[in-house]
Number of protein chains: 2
Amino acid sequence: MLIEIDFSSDEAIYQQLCNQIILGIATSRFTDGEELPSVRQMADEIGINMHTVNKAYTVLKQEGFVKVDRRRGAFISVDDRNKERARTLVEKNLRVLLAEARCRKLTRSDIFALVEQICDEYGM
Amino acid sequence: MLIEIDFSSDEAIYQQLCNQIILGIATSRFTDGEELPSVRQMADEIGINMHTVNKAYTVLKQEGFVKVDRRRGAFISVDDRNKERARTLVEKNLRVLLAEARCRKLTRSDIFALVEQICDEYGM
DNA sequence: CACCTGTTATATTATAAGTATAACAGGTGG
DNA sequence: CCACCTGTTATACTTATAATATAACAGGTG
């Protein structure tokens with residue numbers, strides 16, 4: 001499973017968990033249809049509370065990354081609806097991120113190198 | 001000044017304020033050396049508490065976007081130290097952002113188009 | 001029937017955000 | 001000197017959220 005949580009981070013645990021799973025999907029470490037550990041099992045593995053995992057799963061479900069089957073439990077199921085909404089969200093976040101990059105004197109080439117590298121990693 | 005705060009957002013007000021100012025610097029709406037409204041004046045303009053503005057200024061000061069002179073008050077002063085740390089931070093955030101983009105079926109071209117557009121806006 | 005699944009409810013603690021009021025040190029201009 | 005501005009600090013309060021804890025429920029599985 002390999003979920004890494006930074007307990008000294010200012011980012012919420014459930015948020016880190018969501019990000020890790022989304023990162024896992026993008027890097028094909030998680031495949032469509034793959035089962036996720038139960039909320040209790042995942043909580044035990046990481047050493048956190050069941051409800052924290054449940055919140056992450058609920059968020060991922062609402063965002064269309066996870067579905068639940070009573071018989072099987074939670075599993076990866078990527079819903080590719082809302083491409084335009086996703087583009088708008090990415091654009092907004094990108095705008096903030098690149099603003100800070102520019103202020104820090106990162107160049108256009110610096111940015112493109114990073115984007116290219118990550119796209120390659122994700123097989124885009 | 002033109003600071004826009006979304007009070008229904010889940011993003012903290014002081015964080016939105018920081019982002020707006022960084023965005024302003026990147027788009028040259030704020031120039032190096034330009035004075036910022038005092039914490040009390042800015043708070044009045046936006047309709048929020050003085051301490052919320054003070055927190056934003058303090059964060060920006062720590063991050064090297066703002067300096068303070070007793071005589072003049074707060075003003076823009078971009079410190080371009082820590083380019084490598086900035087690159088690491090951008091890379092980490094970019095990785096999460098592009099992971100979600102990929103899951104939403106945004107293509108490499110989609111991403112590059114967005115990055116190109118924003119870089120152009122910022123004159124990078 | 002025991003055991004697992006997600007889900008819900010409730011309560012508690014801790015932390016952070018935002019507001020409110022007040023005061024202090026220090027520079028500015030009348 | 002004095003009123004007025006600046007950032008800064010301190011304190012207190014309210015609110016919201018995160019995280020934990022304990023418990024229970026509906027439903028599928030062996």
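Below, chain A is the first sequence line, B the second, and so on; all start at residue 1. Predicted model only: the values in this text are computed from it and were never measured.
Applying the salt bridge (charged side-chain N to carboxylate O under 4.0 Å, His left out) test to B:Lys61 and every residue at least two apart in sequence or in another chain returns nothing. Under the salt bridge (charged side-chain N to carboxylate O under 4.0 Å, His left out) criterion, B:Asp69 pairs with B:Arg71, not counting sequence neighbours. Under the side-chain contact (heavy atoms from CB on, under 4.5 Å) criterion, A:Leu97 pairs with B:Val90, B:Asn93, B:Leu94, sequence neighbours left out. For A:Glu84, the salt bridge (charged side-chain N to carboxylate O under 4.0 Å, His left out) test picks out A:Arg87, with sequence neighbours left out. Looking at residues two or more places apart in sequence or on another chain, you find a side-chain contact (heavy atoms from CB on, under 4.5 Å) between B:Asn49 and B:His51, B:Thr52. Remark: A:Asp32 engages no residue in a salt bridge (charged side-chain N to carboxylate O under 4.0 Å, His left out) (not counting sequence neighbours).
The pair B:Asp110-B:Lys105 does not meet the salt-bridge criterion, since no charged nitrogen lies less than 4.0 angstrom from a carboxylate oxygen.
Evaluation of the salt bridge (Lys or Arg N to Asp or Glu O under 4.0 Å) test over residues 92-102 of chain B, restricted to residues two or more places apart or in two chains, returns A:Glu121-B:Arg95, B:Glu91-B:Arg95.
The CZ atom of B:Phe7 sits 16 Å away from the P atom of D:dA16 (whole-angstrom rounding). Between A:Glu35 atom CD and D:dG28 atom P the separation is 17 Å, expressed in whole Å. For B:Ile5 and C:dT19, the CD1 to P distance is 11 Å, given to the nearest whole Å.
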With B for base contact, S for sugar-phosphate-only contact and - for none (protein heavy atoms under 4.0 Å), nucleotides 4-15 of chain D reads --BBBBB-----
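Within the hydrophobic cluster formed by Ile, Leu, Val, Met, Phe, Trp and Tyr side chains joined at under 4.5 Å, directly or through other members, B:Phe75 stands alone, with no partner residue. Residue B:Val68 is found outside any hydrophobic cluster, as its side-chain heavy atoms come under 4.5 Å of no other Ile, Leu, Val, Met, Phe, Trp or Tyr.
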Pairs under 3.5 angstrom, nitrogen or oxygen only, protein versus nucleotides 15-18 of chain C, please.
residue : atom : partner : partner atom : Å
C:dA17  : OP1  : B:Tyr14 : OH           : 2.7
C:dA17  : OP2  : B:Lys55 : NZ           : 2.4
C:dG18  : OP1  : B:Ile13 : N            : 2.4

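With the 3.5 Å cutoff on both pairing distances, Watson-Crick and G-U pairs in DNA chain D assemble into runs of at least 3 at C:1-30 with D:1-30.
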